[in-house]
Amino acid sequence: MQKLGTYYLDVALRGSRGISTSPIRMNGKSNSLFLKSTRRKKSSHEWLQRQLHDPYVKWARVEQYRCRSAFKLLEIDDKHKILSPGMNVVDCGAAPGSWTQVLVKRCNPAINDPSQPAGSIISLDIQDFLPVEGAHILAKSDITAKETQDAVLNLLQSTDGVDAVVSDMAPSPSGFQEMDHENIVKLSYTALRFSLKTSKVGGTFLTKIWDGRLRLKMEEDLKRYYGRVQVVKPKSSRSDSAEVFLLARDFKGLKA
Ligand SMILES: C[S@@+](CC[C@H](N)C(=O)[O-])C[C@H]1O[C@@H](n2cnc3c(N)ncnc32)[C@H](O)[C@@H]1O
């Protein structure tokens, strides 16, 4: 009876993640849904354990970042010096907002340091998220939608162009590695096309992908438009994750 209770609780949880909640009849332990439910419980438990023991999760709390992802951008910037006060940056896939928090600190849009030039940060995400002081937030905004891109272009009118487009966007994982790889690469190309349209010569493009067979092709495409292209994997990116970042610098301009 207890097992049945946990089973239905799990079905309810799966339902909240968009998986069908149509009535299911238990046929005993060999039922494949029961096995899936057990696997999911195990992976939720593993996720919780990892969160509890992850130093970056604790550190994010101390530094008041909205999530541990902040450290990936901090590390990339500390090593590659891609951000500075006065820069105009578009942050794609910004929710819950930790990269935006980093960008606000490093690009001075709120003029926290009056001795430095003021930048501008535009942060968009398909999900809703809370404002970050100093940044323009476009919540519930899908990068693939024309309205979103028009809204960003509109905000950019008061600037002299984009210095960097950064994308930490990730689609909801399907669990099928190849499909997830293709989907994230597709999103990255959308961000890249937007970057090519809006960046100043010399600009930077940084994107996350889950590594796979299309990575080399994307690197080649980036090299057509940017002078320097690197694959970076910050220490704060979990070593068991397929996540890598493509960093493209020195935008050549579209006529090059
Ligand atoms: C790993 S999270 C980003 C974390 C963020 N960089 C931070 O530091 O808080 C990936 C984000 O990509 C967003 N995303 C996925 N598809 C998107 C799309 N088509 N347009 C805009 N955002 C998208 C998701 O909603 C999710 O919030």
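Remember, it's 1-based here, ligands and their atoms both numbered in the order they're listed. It should be emphasised that the depicted structure is a prediction, and the values quoted were computed from it without experimental measurement. Quick note: residue numbers are just sequence positions, from 1.
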[X] side chain to [Y] backbone, donor-acceptor under 3.5 Å:
X      : Y      : result
Asp180 : Gly175 : yes
Glu133 : Ala110 : no
Gln149 : Ile143 : yes
Ser188 : Lys186 : no

Quick one: does [X] get a heavy atom under 4.0 Å from ligand 1?
X      : result
Lys208 : yes
Ala70  : no
Cys92  : no
Arg66  : no

Worksheet item: Looking at Asp221 and Arg193, does any basic side-chain N land under 4.0 Å from a carboxylate oxygen?
Response: no
Worksheet entry | Trace of the side chain to side chain contact (heavy atoms under 4.5 Å, CB included) decision for Leu153 with Phe194 | CA-CA 10 Å; Leu153 291 173; Phe194 189 73; 4.2 Å; yes
Identify, for [atom], the protein heavy atom at the shortest distance, and state residue, atom and that distance.
atom                    : value
atom 6 (N) of ligand 1  : Asp168 OD2, 2.8 Å
atom 22 (N) of ligand 1 : Ile126 N, 3.2 Å
atom 15 (C) of ligand 1 : Ala170 O, 3.1 Å
atom 26 (C) of ligand 1 : Asp125 OD2, 3.5 Å

Item to complete: Report the residue from Leu155, Asn108, Asn88 that forms a side-chain contact (heavy atoms from CB on, under 4.5 Å) with Ser120.
Response: Asn88
Fill in: Glu178 atom CD, over 12 foreign heavy atoms within 6.0 Å
yes
Worksheet item: Has Lys223 got more than 12 heavy atoms of other residues, nucleotides or ligands less than 6.0 Å from its NZ?
Response: yes
Would you mind listing which atoms of ligand 1 come within a distance below 4.0 Å of any non-hydrogen atom of [X]?
X      : result
Asp142 : 18 (C), 19 (N), 20 (N)
Gly97  : 7 (C), 9 (O)
Cys67  : 7 (C), 8 (O), 9 (O)
Ser141 : 20 (N), 21 (C)
Ala94  : 5 (C), 7 (C), 9 (O)

Worksheet item: Is ligand 1 under 4.0 Å from a heavy atom in the side chain of Leu187, in the backbone, in both, or in neither?
Response: side chain
Worksheet item: Do Ser199 and Tyr226 meet the criterion of a side-chain donor-acceptor pair at a distance under 3.5 Å?
Response: no
So, regarding [X] and ligand 1 (criterion: nitrogen or oxygen to nitrogen or oxygen, under 3.5 Å), is there a contact or not?
X      : value
Trp99  : yes
Ile143 : yes
Gln127 : yes

Worksheet item: Hey, looking at atom 5 (C) of ligand 1, which of Ser98, Ala95, Ser69 has the closest heavy atom?
Response: Ala95
Practice prompt. Test salt bridge (charged side-chain N to carboxylate O under 4.0 Å, His left out) on Glu219 and Arg215 and set out the steps.
Written response: CA-CA 6 Å; Glu219 277 181 70; Arg215 196 241 292 166; 2.9 Å; yes
